[in-house]
*Asks:* 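Submitted below is the structure of interest, expressed as structure tokens.
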Amino acid sequence: MAAAPSPAPSNFIRDIILEDLKTNKHNGRVQTRFPPEPNGHLHIGHAKAICIDFGLADEFGGDTNLRFDDTNPEKEETEYVESIKADVNWLGFQWDGLFYASDYFDQLYEWAVKLIKDGKAYVDDLTAEEIRKHRGTLTEPGKDSPYRNRSAEENLNLFERMRAGEFPDGSRVLRAKIDMASPNLNMRDPVMYRILHAEHHRTGNKWCIYPMYDFAHGQSDSIERVTHSLCTLEFEDHRPLYNWFIQQLGIFPSRQIEFDRLNLTYTLLSKRKLLQLVQEGRVTGWDDPRMPTLGGIRRRGYTPEAIRNFCGAIGVSKTNGSIELAMLEHFVREDLNKRSPRVMAVLRPLKVVIDNYPEGQVEEMDAVNNPEDPSAGTRKVPFSRVLYIEQDDFREDPPKGYFRLSPGREVRLRYGYFVTCTGVVKNEKGEVGEVHCTYDPASRGGNSPDGRKVKSTIHWVSAGHAVDAEVRIYENLFSKEDPSKVDEGKDVLDNLNPNSLEVLSHAKVEPSLANAAAGTRWQFERLGYFCVDPDSRPDKPVFNRTVALKDTWAKVEKKQGGTR
RNA sequence: UGGGCCGUCGACUAAUGGUAGGUCAAGUGCCUUUGGAGCACUUUGUCUAGGUUCGAAUCCUAGCGGCCCAGCCA
């Protein structure tokens, strides 16, 4: 039955939702949320979470909120919230509600007071260091704080004074009274509030105490009546605490479900490390086209559709593994192949003179814009006596199996003519500086009336008409498959690929590209997909290589141990 | 070493006690005015050992391996 089309594969989260729908757990309602902390830019890992949060809700006619988890004023900035909103939209999703954990600070405070009154929370005067020591270890239980049994009145008084700003940062915290001997460290009287005299990007100086993630997240979900709170695996150990607060407070029971975080080979998806790359100037910024940030891959030329297709294809599970970068690249090529107009561009130009072509003559050759899309039509490309071809497309001494131009060999110039190499002119260094050819006038457009075949078709631009361009070629930012695996005494940044960026400043592109708008995407025939960079100027367009085309010759050559 | 989670082709993921399938990668062939598009085909897998069962990737037990947790970060 191998030929039978497989049904769309489900995943364990969808199965849970389906089950909840079946049992009418939430009256058929599905509500999710995407809860980034506005302390950095979104990356491809967040794209996976976004696709899951929004995708699953959409699938069942549910809603998804965008909620900023802004409980730590020291790291958060408005600039980041704007960037995150733009990235979510760019990916193709619209949120239903837009909220901030800080919207709930008053409610959260009231709930903290309730827990104090119920004898479920206490103010602790221990220092951070002492709290750590009292927490015990993975194998040993913790010890109760000497302040654990203060009266509700005293706790309330102290907590109110914490809020009033009577105490310095770090002098006291509010803790949940749970179980210092719990095998789950998160349950050993977790901190609920800390004193932080810091200005918050939204609440300004209203507060000098801020709730911890654990005291904010579940309640925020509950306030928004989130039915399925989807997050990554490292929060598994927090779930009992998430549930504990909801239960003690008797509020709407959101359910936390964890899935595996995205890992991609040759790339690092840690906000902290990405920040370091930016701060140390290892990349040009958050939107450097080598960065896995959504800003970076957008500038690189990736499409939202490609990313969404990728996220759909990798699935959702709890297995922690690593997806091969080739998988992502496949989805980018697949999408770009359908939509990108083809053009001719020469990255490393080699001059070709067609000796028998009339001096001064120019012909407009018809070129197909996109063979995958006939409606894209055709365009005219100027052809003349002096052209540029790719240095790679000529070999004075062709190795076995090399089909491109070499002395005595005839090839097709795409949409042009058959040309035969008659000789080369070398420069003083002995390098081939100029290739001479003759053309067959009968082969105009690229076919010979006598039915003669050539083994190769190469691209070209007319020297007199080509536009100078800068082309930026990107390789993996890291040279290690798993960049987070660091050798003894080394740093992650030691795994950086020193050759991740190559700038070709003397590329020649066909004239139709002279005014290509920033952000437009093109396929340079035989080379790959390229996107116009915002750095482009009218006199000098700049292109980023999004991804190369698959190159079977490169593979063959590599296998032969070939040299270049 | 305590707790939590997870082990299916090289990678990712299905199969919900009943035919181990899909995608990527790799390989072979075809085709080609992109050597790169496209098409066809092929290879490789249930961590191990026991058990339950007519039947186990799936359930049970034990091992082994991986990831996460000791922030007043999220």
Side-chain angles (χ1 to χ4, degrees), chain A residues 1-2 4-12 15 35-37 39 69-72 74-75 124 126-128 131-133 135-142 169-175 182-188 191-196 210 212-214 216-217 231-240 258 260-261 265 271-272 310 313-331 333 337 342 344 367-368 371-372 401-404 412-416 445-447 454-459 523-528 548-556:
Chain A
M1 203 71 82
S6 59
S10 191
N11 63 57
F12 77 102
D15 291 345
E37 182 187 14
N39 68 342
D69 230 329
D70 56 351
T71 55
N72 184 359
E74 292 183 319
K75 291 187 176 176
D124 197 341
L126 255 27
T127 65
I131 287 181
R132 190 176 59 76
K133 284 191 177 137
R135 185 151 32 225
T137 67
L138 295 178
T139 51
E140 300 160 295
D169 287 2
S171 58
R172 278 176 236 262
V173 291
L174 182 71
R175 291 230 254 171
S182 171
N184 181 344
L185 292 284
N186 292 118
M187 301 299 273
R188 318 241 264 226
V191 172
M192 295 162 59
Y193 271 91
R194 75 283 215 189
I195 301 172
L196 228 44
Y210 289 93
M212 299 289 290
Y213 164 86
D214 284 308
H217 201 96
C231 64
T232 43
L233 249 23
E234 68 271 25
F235 292 100
E236 260 169 337
D237 290 340
H238 293 249
R239 191 177 352 114
E258 312 85 9
D260 61 337
R261 184 181 265 282
T265 56
K271 266 192 196 172
R272 214 182 93 249
F310 167 74
I314 60 176
V316 184
S317 74
K318 302 183 75 150
T319 324
N320 48 45
S322 195
I323 313 250
E324 290 173 353
L325 195 55
M327 178 86 94
L328 211 210
E329 292 181 337
H330 162 80
F331 284 97
R333 288 194 189 99
N337 178 46
R342 299 323 85 145
M344 291 198 284
V368 173
E372 301 288 313
Y402 184 86
F403 300 149
R404 285 114 95 160
R412 174 189 296 111
L413 293 175
R414 177 147 236 227
Y415 303 125
N447 276 313
V454 289
K455 292 198 93 165
S456 142
T457 300
I458 64 177
H459 61 275
Q523 186 197 99
F524 289 0
E525 295 226 22
R526 301 206 304 138
L527 299 175
L549 255 25
K550 285 191 277 185
D551 187 346
T552 51
W553 166 248
K555 250 182 244 168
V556 169

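Keep in mind that what you see is a predicted model, and the values were worked out from it rather than measured. Throughout, a chain's letter reflects where its sequence line sits, starting with A, and its residues are numbered from 1.
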*Asks:* Assess, by modelled atom type and distance only, whether the side chains of A/Thr319 and A/Asp260 contain a donor and an acceptor separated by less than 3.5 Å.
*Replies:* no
*Asks:* Given that both distances must come in under 3.5 Å, which nucleotide forms a Watson-Crick or G-U wobble pair with B/A14?
*Replies:* none
*Asks:* Hey, what do you get for CD (A/Gln523) to CZ (A/Arg333), rounding to the nearest 0.5 Å?
*Replies:* 11.0 Å
*Asks:* For A/Ser456, answer base if it contacts any base atom (sugar-phosphate contacts may also be present), sugar-phosphate if it contacts only those atoms, and nothing otherwise; contact means non-hydrogen atoms under 4.0 Å.
*Replies:* nothing
*Asks:* Quick check: on RNA chain B, is the nucleotide nearest A/Gly321 upstream (toward 5') of the one nearest A/Leu328, or the reverse? Name the residue that is more 5'.
*Replies:* A/Gly321
*Asks:* Report the distance from atom CD of A/Glu324 to atom OG1 of A/Thr265, rounding to the nearest 0.5 Å.
*Replies:* 6.0 Å
*Asks:* Could you tell me whether A/Glu236 and A/Lys318 make a salt bridge, using a distance below 4.0 angstrom between a side-chain N and a carboxylate O?
*Replies:* yes
*Asks:* Quick one: A/Lys318 NZ to B/C68 P, roughly how many Å, whole number?
*Replies:* 16 Å
*Asks:* At 4.0 Å (heavy atoms only), tell me whether A/Arg342 reaches a base, stays on the sugar-phosphate, or touches nothing.
*Replies:* base
*Asks:* Mind checking A/Phe310 for me? I need base, sugar-phosphate or nothing, with any heavy atom below 4.0 Å counting as a touch.
*Replies:* nothing
*Asks:* Remember a base hit wins even if backbone is also touched, and classify A/Asn11 as base, sugar-phosphate or nothing at under 4.0 Å, heavy atoms.
*Replies:* sugar-phosphate
*Asks:* Determine whether a donor-acceptor pair (one donor, one acceptor, N or O, separation below 3.5 Å) exists between the side chain of A/Asp237 and the base of B/G4.
*Replies:* no
*Asks:* Taking CZ from A/Phe331 and P from B/C12, how many angstroms apart are they, rounded to a whole number?
*Replies:* 15 Å
*Asks:* Assess whether a salt bridge exists between A/Arg239 and A/Glu258, defined as any Lys/Arg side-chain N lying under 4.0 Å from an Asp/Glu carboxylate O.
*Replies:* yes
*Asks:* Partner of B/C5 by Watson-Crick or G-U wobble geometry, both contacts under 3.5 Å, or none?
*Replies:* B/G66
*Asks:* So what does A/Tyr210 hit on the nucleic acid, given a heavy-atom distance under 4.0 Å: a base, only sugar-phosphate, or nothing?
*Replies:* nothing
*Asks:* Expressed as a whole number of angstroms, how long is the span from A/Arg333:CZ to B/U34:C1'?
*Replies:* 14 Å
*Asks:* Classify A/Val191 by what it touches in the nucleic acid, base, sugar-phosphate, or nothing, heavy-atom distance under 4.0 Å.
*Replies:* sugar-phosphate
*Asks:* Check whether the side chain of A/Arg404 and the base of B/G35 form a donor-acceptor pair under 3.5 Å.
*Replies:* yes
*Asks:* If you measure from the ring centre of A/Tyr213 to the centre of the six-membered ring in the base of B/A74, is it under 5.5 Å, with the planes under 30° apart?
*Replies:* no
*Asks:* How is A/Thr71 classified with respect to the nucleic acid when contacts are heavy atoms under 4.0 Å: base, sugar-phosphate, or nothing?
*Replies:* sugar-phosphate
*Asks:* Across the strands shown, which category fits A/Val368 at heavy-atom distances under 4.0 angstrom: base, sugar-phosphate, nothing?
*Replies:* nothing
*Asks:* Mind checking A/Asp169 for me? I need base, sugar-phosphate or nothing, with any heavy atom below 4.0 Å counting as a touch.
*Replies:* nothing
*Asks:* Does some side-chain heavy atom of A/Glu74 sit less than 4.5 Å from a side-chain heavy atom of A/Leu196?
*Replies:* yes
*Asks:* Please classify the nucleic acid contact of A/Ile131 as base, sugar-phosphate, or nothing, using heavy-atom distances under 4.0 Å.
*Replies:* base
*Asks:* Whole-Å distance between B/U34 P and A/Arg412 CZ?
*Replies:* 7 Å
*Asks:* Report the distance from atom CD1 of A/Ile458 to atom CZ of A/Phe403, rounding to the nearest 0.5 Å.
*Replies:* 14.5 Å
*Asks:* Once you round it to whole Å, what is the distance between P of B/U34 and CZ of A/Arg414?
*Replies:* 5 Å
*Asks:* Would you classify B/G55 as syn or anti? Syn applies when the glycosidic angle is within 90° of 0.
*Replies:* anti
*Asks:* Under 4.0 Å, heavy atoms only, any strand: does A/Lys550 hit a base, just the sugar-phosphate, or nothing?
*Replies:* base
*Asks:* What does A/Phe235 touch in the nucleic acid at a heavy-atom separation under 4.0 angstrom: a base, only the sugar-phosphate, or nothing?
*Replies:* base
*Asks:* For A/Leu185, answer base if it contacts any base atom (sugar-phosphate contacts may also be present), sugar-phosphate if it contacts only those atoms, and nothing otherwise; contact means non-hydrogen atoms under 4.0 Å.
*Replies:* base
*Asks:* Closest nucleotide of RNA chain B for A/Leu138 versus for A/Asn186: which of these residues is on the 5' side?
*Replies:* A/Leu138
*Asks:* Using a heavy-atom cut-off of 4.0 Å across all strands, would you classify A/Glu525 as base, sugar-phosphate, or nothing?
*Replies:* base
*Asks:* Does A/Phe403 lie flat on the base of B/G35, that is, centres under 5.5 Å apart and planes under 30° off?
*Replies:* yes
